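Each remark here refers to the structure printed beneath this line.
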Amino acid sequence: MSSTHRNLSKIEGSGIPDGKGMRMGIVLSEWNSEITGSLFDGAIKTLVANGVSKDDIIITTVPGSFELTLGAQFLCEDKTIDGVIALGCVIQGETRHFDFICDAVAHGITNVSLKYNKPVIFGVLTPNDMQQAEDRSGGKHGNKGDEAAITALKMVALKKGL
Ligand code: DLZ
C-alpha cells in the first residue's frame, strides 16, 4: 500500500482507455485546498489528455472530506454521469478525528458506488503531515489526482464494455 517508492502518476498495468464520450463527476473537498487544488488540476489534466471533453466534466465542491460521500451521491443521481472522482486530503492530527473522517469517507463512497452501480474513485490523501501531502499532489511521488482519473477511466470503460 505504501507509495514511498512509487510515483503515483506512473500507472502500471494495461493501457489507459479512451475517455471520448465519457461524462465524469468530480467532487472536491475544500479542506487543505492547496493540496486538493493540485489533485484537482492533475485529475482534470489527465481526463482531458485521455479524451474526456471539458464539457463532460461536472464539478462540485464540499466543505471537507467527510462531506465527499454525499457530494458523490448527488453526482451519481445524475443519470448522465458515468463515474465520479472524490478528491480530498485528511492530515493526521493529534486526535482520533482523522480516523473517523477517513473511515467514514472510505466506507461512504464504497456504499455510494455499490448503490448506484457506478465507479466512485477514492482520491483522498491520508498523509501524516503536509510534506507527505505535497509529495503526493504533484511532488516527488507524483499526483494522486492523475491516478484517480486513470482509475475512473478504467472503471467506466470496464462497465461500458460489459
Ligand atoms: C474537521 C476537520 C479536520 C480536523 N481535519 C480535516 C482534514 O484534515 N481534511 C478534511 O478534508 N477535512 C477535515 N475536517 C473537516 C471534516 O471533513 C468535515 O468537513 C467536518 O467535520 C464537518 O462535517
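For ligands, and for the atoms within them, numbers begin at 1 and follow the listed sequence. Just so it is clear, the model here is predicted, and its values are computed rather than measured.
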How close does the nearest protein non-hydrogen atom get to [atom], and which residue and atom is it?
| atom | result |
| --- | --- |
| atom 3 (C) of ligand 1 | W31 CH2, 3.5 Å |
| atom 20 (C) of ligand 1 | E67 OE2, 4.1 Å |
| atom 1 (C) of ligand 1 | H97 NE2, 3.3 Å |
| atom 8 (O) of ligand 1 | I91 N, 3.1 Å |

TODO: Measure S65 to ligand 1 on non-hydrogen atoms and call it side chain, backbone, both or neither using the 4.0 Å cut-off.
DONE: both
Task: Mode of I101 contact toward ligand 1 - side chain, backbone, both, neither (heavy atoms, under 4.0 Å) - done: side chain
Task: Hydrophobic cluster identity match, I81 and L153, side-chain contacts under 4.5 Å - done: no
Open item on the list: Are V105 and F74 linked, directly or through intermediate hydrophobic residues, by side-chain heavy-atom contacts shorter than 4.5 Å (ILVMFWY only)?
Closed with: no
Open item on the list: When you compare the side chain of V27 with that of L87, does any pair of heavy atoms fall below 4.5 Å?
Closed with: no
Open item on the list: If you take the nearest heavy atom of each of S33, C89, G88, which one is closest to atom 9 (N) of ligand 1?
Closed with: C89
- [ ] Please identify which atoms of ligand 1 are closer than 4.0 Å to at least one heavy atom of N32.
- [x] 7 (C), 8 (O), 9 (N)
Task: Close-contact set for ligand 1 against S29 heavy atoms, below 4.0 Å - done: 11 (O)
Task: Pair D55 + R23, salt bridge at N-O below 4.0 Å - done: no
